[in-house]
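Here the structure comes first, spelled out in structure tokens, and everything after it is commentary.
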Amino acid sequence: NYALAGENHQRPVYKKIGSSDPEVFIYYWDGRDGPSFEGWWFGNQVGGSSVWTHCSSSSPTPPHTNWKLPWDGPVRATMQVISTGNVASGAAAASQPAPQPQQQQQQQQQQ
């Protein structure tokens, strides 16, 4: 589960709820470091160097599909972030009043 944790580059930041070591954030990074770094990321800190997945979308919220896993690998069709409304459920979800991202992953642990 993920909860709204702030803002970065004019987009929401979400943090994984509960005990997580390392911490996990979903955040947007703008094009200031070049086009290959622009987009949505899963990482252990906002703007950090330890990241796991990336989507080059500039959408206002985390996109549903087109996530690369690992971040510099191919798009993985099984990696999805799903808007669930006000109910957080499934493998991971954000908890906020507006639509929330939900991470549904298959085979991520096999990497």
Side-chain angles (χ1 to χ4, degrees):
N1 293 333
Y2 289 80
L4 186 62
E7 186 177 281
N8 188 63
H9 297 183
Q10 301 177 334
R11 305 285 195 288
V13 171
Y14 302 95
K15 182 180 178 186
K16 188 169 184 176
I17 298 171
S19 62
S20 180
D21 187 22
E23 292 184 315
V24 180
F25 293 88
I26 305 171
Y27 66 92
Y28 177 79
W29 196 260
D30 66 17
R32 68 185 66 196
D33 294 321
S36 62
F37 294 101
E38 184 174 2
W40 287 91
W41 296 87
F42 278 75
N44 70 339
Q45 63 183 10
V46 175
S49 61
S50 182
V51 294
W52 305 290
T53 61
H54 176 246
C55 183
S56 60
S57 171
S58 62
S59 64
T61 58
H64 179 66
T65 59
N66 296 320
W67 290 90
K68 295 183 288 182
L69 182 64
W71 72 271
D72 59 351
V75 169
R76 172 128 3 145
T78 57
M79 172 64 186
Q80 298 179 352
V81 175
I82 299 171
S83 178
T84 61
N86 290 330
V87 179
S89 63
S95 174
Q96 64 167 358
Q100 308 150 8
Q102 177 179 345
Q103 175 190 13
Q104 290 185 332
Q105 299 179 28
Q106 299 172 352
Q107 303 170 347
Q108 179 181 4
Q109 299 300 324
Q110 296 176 4
Q111 283 292 328

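- Nearest heavy-atom pair, Val46 versus Val13, reported as atom, atom and distance to 0.1 Å: CG2-CG1, 3.7 Å.
- The minimum heavy-atom distance between Lys68 and Gly73, with the atom names listed, is CD-O, 3.2 Å.
- Atoms NZ and CG, on Lys16 and Asn44 in that order, are 13.0 Å from each other to the nearest 0.5 Å.
- The salt bridge (charged side-chain N to carboxylate O under 4.0 Å, His left out) contacts involving residues 32-54 comprise Asp30-Arg32, where partners must be two or more places apart or lie in separate chains.
- Residue Asn66 holds its CG atom at 14.0 Å from CZ of Arg76, rounded to the nearest 0.5 Å.
- Under the 4.5 Å side-chain heavy-atom criterion for grouping Ile, Leu, Val, Met, Phe, Trp and Tyr, Val51 is not connected to Leu69 through any hydrophobic cluster.
- Taken from CH2 in Trp71 to OG in Ser36, the straight-line distance is 7.0 Å, to the nearest 0.5 Å.
- The distance from the OG1 atom of Thr65 to the CD1 atom of Ile82 is 10.0 Å, given to the nearest 0.5 Å.
- Residues satisfying the salt bridge (Lys or Arg N to Asp or Glu O under 4.0 Å) criterion with Glu7, sequence neighbours excluded, are absent altogether.
- In terms of modelled atom types and a separation under 3.5 Å, the side chain of Arg11 and the main chain of Ser59 share a donor-acceptor contact.
- In plain terms, the two heavy atoms of Val81 and Pro63 that are nearest each other are CB-O, 3.3 Å.
- Contacts of Tyr28 classified as ring-ring contact (aromatic ring centres under 6.0 Å, His included), with partners at least two apart in sequence or in another chain: Trp40.
- Relative orientation of the Phe37 and Trp41 rings is parallel, given thresholds of 30° and 60° on the angle between their planes.
- Under the ring pair (Phe, Tyr, Trp, His ring centres under 6.0 Å) test applied with Phe42, the options Phe25, Trp67, Trp52 reduce to a single match, Trp67.
- Of all the heavy atoms in Pro12 and Leu4, the pair that sits closest is CB-CD1, 3.6 Å.
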